[in-house]
Amino acid sequence: MASELCPRGGQWEVSEVGGGGAAEPPGRGDLCGPMGEAPAPELDAVLGGGSWDVGVTFEGPPPPTGPIRLGKNACYVVLAVLFNEEDGVLLVQEAKAECRGKWYLPAGRMEPGESIVAAMRREVKEETGLECEPLTLLALEERGPTWIRFAFLARPTGGTLKTLEEADAESLQATWWPGDPCALPLRALDILPLLDLAARYRRSPPHPPTLPQELPCPLLCLRLLVAFANDAGDLWVLLGTAGTPHLPVVACGTSPAELRGGLCLPVLRLLRDCLPPDPHPGPLGLLGLQHQAGSPGGGDGVCFNVLLSIPPSSPGATHPPEPHSPAFRWWRVEEETLRGRILQRLRAAATVPIRS
């Protein structure tokens with residue numbers, strides 16, 4: 001008996017199926033199929049910033065045998081950008097010995113058993129004295145499982161700004177800074193691109209509000225919406241064929257090489273294994289992510305739902321490169337609303353940027 005993923009109640013669940021021979025590789029005539037052959041609910045959830053059960057089956061190399069655990073094989077950092085009504089940005093003065101007296105955005109490490117949003121709220125409260133609520137993710141910054149930073153745009157909802165009289169180990173004080181942050185002695189300049197992203201988002205949001213969704217994931221993995229569009233606006237999406245057709249999911253390893261390679265490494269390896277020639281995909285863009293604090297088994301994994309495009313293999317190519325593995329096939333998106341949603345996200349780069 002073998003396991004496959006079956007849609008049940010809007011999520012993938014594992015069921016047992018009988019064995020059989022490998023599926024025949026899809027021919028060019030199989031590139032287009034009826035809507036029932038594609039995971040329409042999964043695509044709708046992913047495009048809407050929602051979540052979808054990861055299941056137990058992954059494409060590519062076997063996943064790690066153990067879960068992702070904060071403080072052991074992963075480090076997650078949260079950071080928040082907040083503005084007041086006068087467009088002052090919330091900054092904190094550091095208390096740590098190595099950067100004491102310097103200024104930075106409220107930020108800190110996420111703790112085991114804590115949700116991503118709860119960690120962000122806690123850090124803002126501890127360092128500034130203010131309560132807040134998240135509006136959207138601004139960026140995902142990563143160096144593989146060893147360091148991932150979730151940068152939020154948030155808004156204050158209460159509390160009192162910390163003063164020097166309330167200085168503690170978390171921070172010396174906080175302030176709404178009205179001018180150029182570079183006029184202050186900053187702990188690091190890496191907050192400047194995030195401030196720029198926040199200012200641009202407030203003027204004209206490039207992507208819909210995107211916040212973490214609660215659904216367990218023991219590993220660090222990526223659900224891939226891999227799209228190919230030709231000059232005529234025809235669109236195809238790459239699907240995994242094991243069991244019910246689904247968006248491919250790849251797991252990030254925890255070996256030294258995997259840790260150094262970042263989140264792009266398993267994606268590139270999968271695409272190079274299944275698509276000839278070397279596909280040179282466009283940059284990853286984040287559509288959403290899912291994580292659950294205290295998930296079964298104690299894992300602190302995250303599933304990132306990402307969008308990327310495959311360029312034509314030659315000028316004027318009208319069809320995507322045919323997979324040379326029966327584990328994948330292209331599905332031509334003919335339903336106009338769905339096709340329009342995917343193309344809009346691709347053409348406008350309407351995703352949360354991922355910075356490696």
How far apart are the closest heavy atoms of [X] and [Y], and which atoms are they?
{"X": "Val306", "Y": "Ile354", "value": "CG1-CD1, 3.8 Å"}
{"X": "Trp330", "Y": "Pro320", "value": "CE2-CB, 3.4 Å"}
{"X": "Val124", "Y": "Leu130", "value": "CG1-O, 3.6 Å"}
{"X": "Pro266", "Y": "Cys252", "value": "CG-SG, 3.9 Å"}
{"X": "Val117", "Y": "Pro212", "value": "CG2-CD, 4.0 Å"}
{"X": "Gln173", "Y": "Thr163", "value": "CB-C, 3.9 Å"}

Asp231 atom CG, neighbour heavy-atom count above 12 within 6.0 Å: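 Result for CG/Asp231: open.
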
Check whether more than 12 heavy atoms from other residues, nucleotides or ligands sit under 6.0 Å from atom CD of Glu85, and answer yes or no.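 It does not: Glu85 CD has 12 such atoms or fewer within range.
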
Is the closest side-chain heavy-atom distance between [X] and [Y] below 4.5 Å?
{"X": "Ile68", "Y": "Tyr76", "result": "yes"}
{"X": "Pro156", "Y": "Asn84", "result": "no"}
{"X": "Val78", "Y": "Ile116", "result": "yes"}
{"X": "Leu219", "Y": "Val54", "result": "no"}
{"X": "Leu47", "Y": "Ile342", "result": "yes"}
{"X": "Gln290", "Y": "Cys303", "result": "yes"}
{"X": "Leu247", "Y": "Val237", "result": "yes"}
{"X": "Val77", "Y": "Glu141", "result": "no"}

Would you call the rings of His319 and Trp236 parallel, tilted or perpendicular, where under 30° means parallel and over 60° means perpendicular?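 If you compare the ring of His319 with that of Trp236, the planes turn out tilted.
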
Please name the residue in the list Leu346, Thr351, Leu284 that meets the side chain to side chain contact (heavy atoms under 4.5 Å, CB included) test with Leu308.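 Of Leu346, Thr351, Leu284, side chain to side chain contact (heavy atoms under 4.5 Å, CB included) with Leu308 is met by Leu284 alone.
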
Side-chain ion pair, [X] and [Y], N-O less than 4.0 Å:
{"X": "Glu334", "Y": "Arg339", "result": "no"}
{"X": "Arg122", "Y": "Glu111", "result": "yes"}
{"X": "Glu94", "Y": "Lys96", "result": "yes"}
{"X": "Lys125", "Y": "Glu131", "result": "yes"}

Sub-3.5 Å donor-acceptor pair from the side chain of [X] to the main-chain atoms of [Y], do we have one?
{"X": "Thr241", "Y": "Ala327", "result": "yes"}
{"X": "Glu59", "Y": "Val249", "result": "yes"}
{"X": "Arg149", "Y": "Ala107", "result": "no"}
{"X": "Thr136", "Y": "Thr210", "result": "yes"}

Should Ser356 and Glu142 be marked as a side chain to side chain donor-acceptor pair (under 3.5 Å) after you check the CA-CA gap, both sets of side-chain angles, and the distance that decides it? CA-CA 5 Å; Ser356 301; Glu142 62 93 9; 2.5 Å; yes

Could you walk me through whether Leu238 and Leu224 pass side chain to side chain contact (heavy atoms under 4.5 Å, CB included), step by step? CA-CA 8 Å; Leu238 188 69; Leu224 309 179; over 6 Å; no

Only one of Thr175, Thr128, Asp168 forms a side chain to side chain donor-acceptor pair (under 3.5 Å) with Lys162, so which one is it?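 For Lys162, the side chain to side chain donor-acceptor pair (under 3.5 Å) check succeeds only for Asp168.
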
From [atom1] ([X]) to [atom2] ([Y]), nearest 0.5 Å:
{"X": "Glu123", "Y": "Glu114", "atom1": "CD", "atom2": "CD", "value": "7.5 Å"}
{"X": "Ser115", "Y": "Arg121", "atom1": "OG", "atom2": "CZ", "value": "8.0 Å"}
{"X": "Leu43", "Y": "Asn305", "atom1": "CG", "atom2": "CG", "value": "10.5 Å"}
{"X": "Glu42", "Y": "Asp53", "atom1": "CD", "atom2": "CG", "value": "10.0 Å"}
{"X": "Leu137", "Y": "Leu289", "atom1": "CG", "atom2": "CG", "value": "6.0 Å"}
{"X": "Arg109", "Y": "Trp147", "atom1": "CZ", "atom2": "CH2", "value": "10.5 Å"}

What pairs with Arg200 under side-chain hydrogen bond (donor to acceptor under 3.5 Å, both in side chains), at least two apart in sequence or on another chain?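 side-chain hydrogen bond (donor to acceptor under 3.5 Å, both in side chains) check on Arg200 returns Asp196.
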
Of all residues at least two apart in sequence or in a different chain, which pass the side-chain hydrogen bond (donor to acceptor under 3.5 Å, both in side chains) check with Arg355?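 For Arg355, no residue satisfies side-chain hydrogen bond (donor to acceptor under 3.5 Å, both in side chains) once neighbours in sequence are set aside.
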
Hydrophobic clusters join Ile, Leu, Val, Met, Phe, Trp and Tyr when side-chain heavy atoms are under 4.5 Å apart, directly or via other members; which others share one with Leu105?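 For the cluster that includes Leu105, the remaining residues are Leu79, Val81, Phe83, Val89, Leu91, Trp103, Tyr104, Leu135, Leu138, Leu153, Trp177, Leu184, Leu186, Leu189, Ile191, Leu192, Leu194, Leu195, Leu197, Tyr201.
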
Which is it for Val46 and Leu307 under the side chain to side chain contact (heavy atoms under 4.5 Å, CB included) test, yes or no, and what are the steps along the way? CA-CA 10 Å; Val46 168; Leu307 175 68; over 6 Å; no

Would [X] and [Y] show up in the same hydrophobic cluster when neighbours are defined by side-chain heavy atoms closer than 4.5 Å?
{"X": "Leu239", "Y": "Leu235", "value": "yes"}
{"X": "Phe150", "Y": "Leu90", "value": "yes"}
{"X": "Leu161", "Y": "Leu82", "value": "yes"}

Could you please spell out the steps behind the side chain to side chain contact (heavy atoms under 4.5 Å, CB included) verdict for Glu214 and Ser51? CA-CA 8 Å; Glu214 291 202 10; Ser51 59; over 6 Å; no

Going through the distances and angles, do Arg202 and Asp87 end up as a side chain to side chain contact (heavy atoms under 4.5 Å, CB included)? CA-CA 10 Å; Arg202 295 175 76 209; Asp87 291 333; 3.1 Å; yes

